[in-house]
Amino acid sequence: MSLLLEIVEGPGAGTTVPLEGPLVLGRGTQSDVVLDDERASRRHAEVRPDGPRAVVHDLGSANGTLVDGRPLFGETFLTPGQQVQIGVTVLQLRAEEELRDRPTAAIAVPDAFRLPSKRPTYVPDDVAITPAAAPDDRRMTAPAHELDRFLDVRVKAGARVAPVAILVLVAVAVVLFLGLSST
């Protein structure tokens with residue numbers, strides 16, 4: 001019986017890897033299966049075949065490993081159909097024979113997450129540029145920071161006035177200090 005690991009949720013969903021020998025899972029490039037998951041350690045866990053099942057153990061990862069939703073302590077056996085969670089990535093152990101009946105176990109992304117991003121309606125057109133705006137549109141100004149386009153106009157105005165107000169306040173404090181210390 002040939003075994004496979006398939007990413008069923010998270011980045012890389014639908015990817016399958018044959019489990020022919022020990023595999024190190026993690027986000028580091030030296031891992032056998034590189035996960036695009038910031039919550040995964042560089043060398044997070046190891047899975048190795050053991051006859052009709054597999055053995056999984058955590059390699060001292062920072063966030064731990066879950067097997068079917070339960071924290072993993074030490075080693076445990078996996079049978080086909082069981083899932084391993086590393087960060088936000090969920091992998092399922094599958095037998096190659098079941099691929100004929102169900103080619104993938106990946107869970108589809110809900111439609112709510114497939115909606116295209118929209119420009120916030122509370123930001124006026126002349127304040128922030130949007131990806132849909134033409135680059136030659138002169139009335140639009142490029143944001144100084146990627147989150148700048150989400151700021152309210154009043155917040156931006158306050159952010160420009162704040163350094164001047166602090167400078168004036170410091171100048172008044174220095175004048176008062178010098179005036180009071182000379183008497």
Side-chain angles (χ1 to χ4, degrees), residues 1-120 123 128-133 135 141-151 159:
M1 174 188 283
S2 294
L3 297 173
L4 301 162
L5 277 177
E6 181 178 8
I7 300 175
V8 295
E9 285 184 53
T15 304
T16 58
V17 179
L19 187 60
E20 297 166 345
L23 294 175
V24 174
L25 312 170
R27 68 177 163 79
T29 55
Q30 74 277 9
S31 297
D32 299 314
V33 179
V34 179
L35 303 173
D36 183 20
D37 189 337
E38 288 298 316
R39 295 189 180 269
S41 295
R42 286 182 188 89
R43 291 177 41 87
H44 197 101
E46 181 185 62
V47 180
R48 67 180 185 276
D50 187 359
R53 56 189 182 179
V55 177
V56 62
H57 74 275
D58 190 89
L59 297 174
S61 66
N63 293 326
T65 303
L66 303 176
V67 174
D68 287 339
R70 292 184 300 275
L72 175 64
F73 301 104
E75 290 187 344
T76 193
F77 289 105
L78 291 176
T79 56
Q82 286 190 292
Q83 295 183 339
V84 176
Q85 182 174 349
I86 296 174
V88 297
T89 304
V90 179
L91 300 103
Q92 184 177 42
L93 183 66
R94 302 192 66 207
E96 194 172 308
E97 293 77 30
E98 71 182 61
L99 292 179
R100 286 183 296 266
D101 299 331
R102 196 170 113 201
T104 183
I107 298 171
V109 176
D111 288 337
F113 293 117
R114 292 182 191 203
L115 294 176
S117 59
K118 293 191 287 186
R119 188 178 163 295
V123 178
I129 193 166
T130 63
T141 57
H145 186 272
E146 64 184 63
L147 296 178
D148 197 36
R149 61 191 169 116
F150 297 109
L151 290 178

Distance, nearest 0.5 Å, that separates OG1 of T79 from CG of L3: 10.0 Å

Could you pull out all donor-acceptor pairs under 3.5 Å where a side-chain atom in residues 7-29 meets a protein atom, sequence neighbours excluded?
from : atom 1 : to  : atom 2 : distance (Å)
T15  : OG1    : G12 : O      : 2.7
R27  : NE     : A40 : O      : 2.6

G81 backbone acceptor or donor facing Q92 side chain under 3.5 Å: yes

For Q30, side-chain contact (heavy atoms from CB on, under 4.5 Å) partners two or more places apart: R42, R43

Set of side chain to side chain donor-acceptor pair (under 3.5 Å) partners for E6, sequence neighbours left out: R94, T104

Spacing of L5 atom CG and L78 atom CG [to the nearest 0.5 Å]: 8.0 Å

Pairs where residues 55-75 contributes a residue and the test side-chain hydrogen bond (donor to acceptor under 3.5 Å, both in side chains) is met, not counting sequence neighbours: H44-S61, H44-T65, R48-E75, D58-S61, D58-T65, D68-Q82

Heavy-atom pair of closest approach, residues P80 and A95: CB-N, 4.0 Å

pair V56-T76: side-chain heavy atoms closer than 4.5 Å: yes

Which residues share a side-chain contact (heavy atoms from CB on, under 4.5 Å) with F73, sequence neighbours left out: P71

Donor-acceptor contact below 3.5 Å, side chain E96 vs main chain E98: no

